[in-house]
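Worksheet: the structure to be examined is printed underneath.
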Amino acid sequence: MTRLNDQVQELLQEYADLISITGGDAFRARSYEKAARAVGGHPEDVARLDAKGLQQIPGVGKSTAEKIAEYLATGRMSALEALRAKIPPGVREMMAVPSVGPKRALALYRDLDIASVDQLAEAVRADRLSEVAGFGERSGEKILHGIELMRQSGGRTLLDAATEQAEQIVRAISAVPGCTRCAYAGSLRRMRETVGDIDVLATAEDSEPLMTALTELPYVAEVIVRGPTKTSVRTAKGLQVDLRVVPEEDWGAALVYFTGSKAHNIKLRTMAVRAGLKLSEYGLFDAESGEKVVSATEDEVYAALGLPWIAPPLREDRGEVEAALRGELPDLVAESDLRGDLHTHTDLTDGLATLEDMIDTAAARGYSYYAVTDHAPDLVMQRMTDEKMLAQREQLRGLADRHKRMRLLHGTELNIGPDGGVDWPAEFLAGFDVCVASVHSHFGADRAAQTRRLIRACENPHVHVIGHLTTRRIGRRGPIDVDLDAVFEAAARTGTAIEINSSPQRLDLRDEDVQRAKRYGVKFSIDSDAHATGHLAYPRYGIGTAQRAWLTTEDVINTWTWQRLKKFLRKDALR
DNA sequence: GCCGTTTTCGGCCCGACTGTTTTCAGTCG
């Protein structure tokens, strides 16, 4: 079950799309789009807000607030239903086909009575598109190709795959003679949990060799567009890569522009306009004379707008510009702040590497403490026993001498049962240095039951960290239905940390929820949940989530010294 | 529809690329 904010976001977005399709005022449509994004990213649950409270959300005015309130009260949004009655749902779905927007979707429906993606594909094959004004031979080909792509990929790319691909491309473009700077930008630089495409920015006097180099990379399957400033290709894995080349003196402005987000850029541009300036990817200009003010570095561009540099993960128009103006930007937690990892596995359960290999790899990362937390017996398929667990503890203690600079912690990942109980009795649990507890079953239990079991787990004095709280797998399994606010309250009250699981398939909690949890005073543990030595590098992605949630080292227990962490782990002493 | 240090009315981010309507609309980011 999705969060109510997400449902409202989807409805408002649909309303905006239908306004566009029916030829309504474009500014009105944009206004609803903006409101949709604002609601989706709003940390507070809209269900807790009345019409007045809803209007406090930036971009939500009287009219939108009324529509949301109506939906919250009745489960319906009559204005939306009125538009739905005019346009079949398939017409809106056609907008998802690349090169088909609201205007063309309507033209296809009006002139050819096409009302679904399937019918569209059929019409192209039957060569009927030329009957509609504005559609030529190439249009049909593009549409068919777009439909095919939609069907085979359909989704966004996970952060690790996108990062690896982007780094590979940046290396290749950087090596081209004449290339003076190159980096990736876009949602990847902002560390969003998934990315739709990769934006690469480069500087060179002559863009031609760089564009050619991109199109000739071995893993490039297709060239989508090719121009002097922008070239787009699709990789063999179906990922779109846009390369933009600008003169070196415009690097800063271009990097701001292509890093986004769109909403952040709009805010910066609006500030520029108010100051008599104009901001584009080519620089910050005087609006009247057209003379360039600055554009060489991001620092300069922000400074000219009266702002300090803003870290990319914050650039979502979630209050970062206002915070920057007040001089209150958070000192974000960084990967180098991590002193340890509190959730990892070995081949004693479902990990791939031995205890020694995991510990050696962790030591090489420079950690000052490291916990091994293999699965507990209730996850029956892992065949854990008391004896095996105690034998591992012996083995781990025996390795202490080998890594004098890294404290070894013996832990476990407990299973939170349907009633909130965990695997072992208190006496046995007391023998562990650290206990992570996670939901691994009964994903379908109802909201009340899920909430109850997680609160009970927090209240267990031996549970230090709640692992992957919502159990979602990005693109594969949705989150469990749980009252997160109630769990956050319990976690803060009991001194139980909530994990930011850094596995790119999970990234659980997600950034909006982490931000919300922080307001309750919740502390977090950014863990790898490594099942192999290579996975010990995952926290770079979890750090992205933490940064997007505005966290500082104060919020993250595994940036603390062992002395301080040790106190936190004695949670029963708190009460 | 939203919003306000030029504004309660009149704006609303800006530019590249494509295909096709020989001068520009639509789409995209």
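Remember, predicted model here, so these are calculated numbers, not experimental data. The chains referred to below are lettered A, B, ... by the order of the sequence lines, with proteins before strands, and numbering in each begins at 1.
Atom C1' of nucleotide B:dG1 and atom CD1 of A:I19 are separated by 8 Å, given to the nearest angstrom. One can place CG of A:D197 at 6 Å from P of B:dG29, the figure rounded to the nearest angstrom. Atom CD in A:Q55 sits roughly 12 Å away from atom C1' in B:dC3 (whole-Å rounding). In this entry the distance linking CG of A:L12 with P of B:dC2 reads 10 Å, nearest Å. For the pair A:D250 CG and B:dG15 P, the computed distance is 13 Å after rounding to whole Å. Atom-to-atom, CD1 of A:I68 to C1' of B:dG1 comes out at 12 Å; the value is rounded to the nearest Å. Counting to the nearest Å, the C1' atom of B:dC14 and the CZ atom of A:F285 are 12 Å from each other. As rounded to whole Å, 9 Å separates atom P of B:dG29 from atom CG of A:D199.
Which of B:dC13, B:dC17, B:dG4 sits closest to the side chain of A:P228 comes down to B:dC17. Candidate nucleotides B:dG15, B:dA16, B:dG1 were compared by shortest atom distance to the side chain of A:K230, and B:dA16 ranks first. Closest to the side chain of A:S63, out of B:dC14, B:dG29, B:dC2, is B:dC2. Nearest to the side-chain atoms of A:S280 among the listed nucleotides B:dG15, B:dA16, B:dG1 stands B:dG15. The side chain of A:K262 sits closest to B:dC13 out of B:dG1, B:dC13, B:dG4. Across B:dC28, B:dG15, B:dG1, the shortest atom-to-atom separation from the side chain of A:P98 is found for B:dC28. Side-chain proximity of A:Y282 to B:dA16, B:dC13, B:dG1: nearest is B:dA16.
Using a 4.0 Å heavy-atom criterion, one finds that A:F27 contacts the bases of the nucleic acid, with or without backbone contacts as well. Residue A:K34 is classed as having no contact, given no heavy-atom separation below 4.0 Å to the nucleic acid.
Remark: A:T270 is not in phosphate contact with B:dC12, judged by side-chain N or O atoms under 4.0 Å from OP1 or OP2. The phosphate of B:dC2 (OP1 or OP2) has no side-chain N or O of A:S31 nearer than 4.0 angstrom.
Because its NZ or CZ atom is not both nearer than 6.0 Å to the ring centre of A:F285 and within 45° of the ring axis, A:K292 does not count as a cation-pi partner of that residue. A:F135 carries A:R104 over the face of its six-membered ring, with the cationic atom under 6.0 Å from the centre and within 45° of the normal.
Between A:A35 and A:R269, the residue anchored closer to the 5' end of DNA chain B is A:A35, taking for each the nucleotide with the nearest heavy atom. Nearest-nucleotide mapping onto DNA chain B: of A:T231 and A:A105, the residue sitting toward the 5' end is A:T231.
With P as the reference atom, B:dG26 and B:dT21 are 13 Å apart, rounded to whole Å. Comparing the same atom, P, in B:dG15 and in B:dT22 gives a spacing of 26 Å after rounding to whole Å. The same atom, P, is picked in B:dT7 and in B:dC12; the two are 15 Å apart, to the nearest Å. Comparing the C1' positions of B:dT20 and B:dC14 gives a spacing of 24 Å, expressed to the nearest Å. Atom name P, nucleotides B:dG1 and B:dT5: the rounded distance is 23 Å, in whole Å. The gap from the P atom of B:dC17 to that of B:dC13 amounts to 22 Å, rounded to the nearest Å.
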For A:E33 and A:R30, what are the C-alpha separation, side-chain angles and deciding distance, and is it a salt bridge (charged side-chain N to carboxylate O under 4.0 Å, His left out)? CA-CA 5 Å; A:E33 272 180 27; A:R30 190 188 291 176; over 6 Å; no

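The aromatic rings of A:Y538 and A:H535 lie parallel to each other, with less than 30° between the two planes, well short of the 60° mark. Note on ring orientation: taking the six-membered ring where Trp is involved, the planes of A:H264 and A:Y302 are tilted (angle from 30° to 60°).
Pair check for B:dT8 finds none; no Watson-Crick or G-U wobble contact set falls under 3.5 Å.
Between A:H468 and the choices A:D508, A:I500, A:L509, the side chain to side chain contact (heavy atoms under 4.5 Å, CB included) rule is met once, by A:D508.
Taking the side chain as every heavy atom from C-beta outward, A:V195 and A:L158 never approach each other to under 4.5 Å.
Using a distance-only test at 3.5 Å, with no hydrogens or angles considered, a donor-acceptor pair links the side chain of A:E320 to the main chain of A:E316.
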Reading 5' to 3' through nucleotides 18-26 of chain B, protein heavy-atom contacts under 4.0 Å coded B for base, S for sugar-phosphate only, - for none: SSSB----S

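Side chain A:Y257 to base B:dG29: a donor-acceptor pair is found below 3.5 Å.
Atoms CG and CG, from A:L307 and A:D299 in turn, are 11.5 Å apart once rounded to the nearest 0.5 Å.
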